[in-house]
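For ligands, and for the atoms within them, numbers begin at 1 and follow the listed sequence.
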Amino acid sequence: MGDSTPDLEAIASRFELPAAVTSVTPLGNGNVNDTYRVETASGDRFVLQRLNTLVFPEPELVMRNLQVLSAHALRRPVPAQRWEVPRVINQRHTNQPWVRADGQFWRLISFIDDAVTLEAITHPHQAREVGRGLGLFHQLLSDLPADQLADTLPGFHITPTYLASYEQALQSTQLKLCGQGSWCAAFVEQRRNLAKVLETAKAEGRLGLRPIHGDPKVNNVMLCASSGTAVSLVDLDTVKPGLVHYDIGDCLRSACNPLGEEAQSQEAIHFDLDLCRAVLEGYLGAARDSLSDTDLDHIFDAARVISFELGLRFFSDHLAGDVYFRTQRPGHNLDRAVVQFKLTESIEAQEQDIRAIVESLR
Ligand code: GN1
Ligand code: MG
């Protein structure tokens, strides 16, 4: 990322807008990109984002995936209930859906009005809607061939690759492990075999590639401000071919952790079974038709391995000096890793109950 402060209003004004820009203010709290809300004199709102090109080295491909997704959604029948797919806005007088300024990559997308996001879930009703939102998204994309999307982030959610990077980070770190750090290292050591569970199922042909969202955590599901129903999935940078299990696992690890991924009281972290049931009811209610029995067999593994994987990613980044995820304080990524590993432990301790929930919803 460049160090100079960009002129956000000038960048926003280079896109095709209905009226002059009146304000640009920070929006949300993503760990990778920078996001702003743009307001115009006509009262319209948009989302301006600077893509982190260290994470997304080919941002044009990210944009192309977004356009393939929007075009596909437009070809589908209009859903009975409100459901919106964020629209890409082009640069003024061109068909180019991005602006490059000072080596930085910017894009503008439509804003989902009358909708809110949650940082953590406290009630099963919210969990059901978050699950339903992901289910609608998967259902919408279930007839889009995965090869129409580019792989914009090779290795993303390939857990064995993260394990290999972790080993490198562990060997080359300047940090001396003690306390929480030693606990995390021992935690990973005991679970080396877990890392390959989904990749083995893929390699053996038991699970297949489909278009996925890639990052369906709770705060990427927009809920109607008045009714609380899911109306959109946002943050579409990680849309690409993958296993729907990466998404199901990511949604479960995020939605069933009532204390949230930034929790300070790590001893109290737990995976909540009532929320798990609600997420899966919502998800399967919308997407059951697009899943095979084998897909359902791997839901427990998905929740376990994606929680473990995110812990591994945070821990590796801590060891590497916080180069990937944005941090607010020293040790932030280590704390985040502990939260995900505690969540993994809680998932493991409740394996029979989680499998029983999936069975009851088959
Ligand atoms: C990152 O930037 P954000 O918050 O949308 C990350 C996800 C993680 C998430 C954890 C491209 O997403 O994979 O699950 O942080 N995105 C990327 O909060 O690495
Ligand atoms: Mg994201």
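Listing protein N, O or S atoms at distances below 2.8 Å from the Mg ion (ligand 2), with waters left out, gives D215 OD2, D235 OD2.
Panel note: side chain H213, backbone V234; a donor-acceptor pair is recorded below 3.5 Å. At distances below 3.5 Å, at least one donor-acceptor pair connects side-chain atoms of R326 with backbone N or O atoms of G30.
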Expected list for residues 15-24: side-chain donor-acceptor pairs under 3.5 angstrom, two or more places apart:
from, atom 1, to, atom 2, distance (Å)
T22, OG1, E39, O, 3.0

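Q81 and R132 share a donor-acceptor pair across their side chains, judged by distance under 3.5 Å alone. D295 and S292 are linked by a side-chain donor-acceptor pair at a separation below 3.5 angstrom, with hydrogens and angles left out of the test.
Pairing each heavy atom of L284 with each of L361, the nearest pair is CD1-CB, 3.8 Å.
Listed by chain and number, the residues in a ring pair (Phe, Tyr, Trp, His ring centres under 6.0 Å) with F300 amount to none (sequence neighbours excluded).
Put simply, CH2 on W106 and CD1 on I11 are 4.5 Å apart, with the number rounded to the nearest 0.5 Å.
Taking the side chain as every heavy atom from C-beta outward, K202 and L243 approach each other to under 4.5 Å.
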Ligand 1 N/O to protein N/O, distances under 3.5 Å:
from, atom 1, to, atom 2, distance (Å)
ligand 1, 2 (O), N31, N, 2.9
ligand 1, 2 (O), V32, N, 3.1
ligand 1, 4 (O), N31, N, 3.1
ligand 1, 4 (O), K217, NZ, 2.6
ligand 1, 5 (O), D215, OD2, 2.7
ligand 1, 5 (O), D235, OD2, 2.8
ligand 1, 12 (O), D215, OD2, 3.2
ligand 1, 13 (O), R313, NH1, 2.9
ligand 1, 13 (O), R313, NH2, 3.4
ligand 1, 15 (O), N31, ND2, 3.2
ligand 1, 18 (O), N31, ND2, 2.8
ligand 1, 18 (O), K217, NZ, 2.7
ligand 1, 18 (O), E261, OE2, 2.4
ligand 1, 19 (O), R313, NH2, 2.7
ligand 1, 19 (O), Y324, OH, 2.5

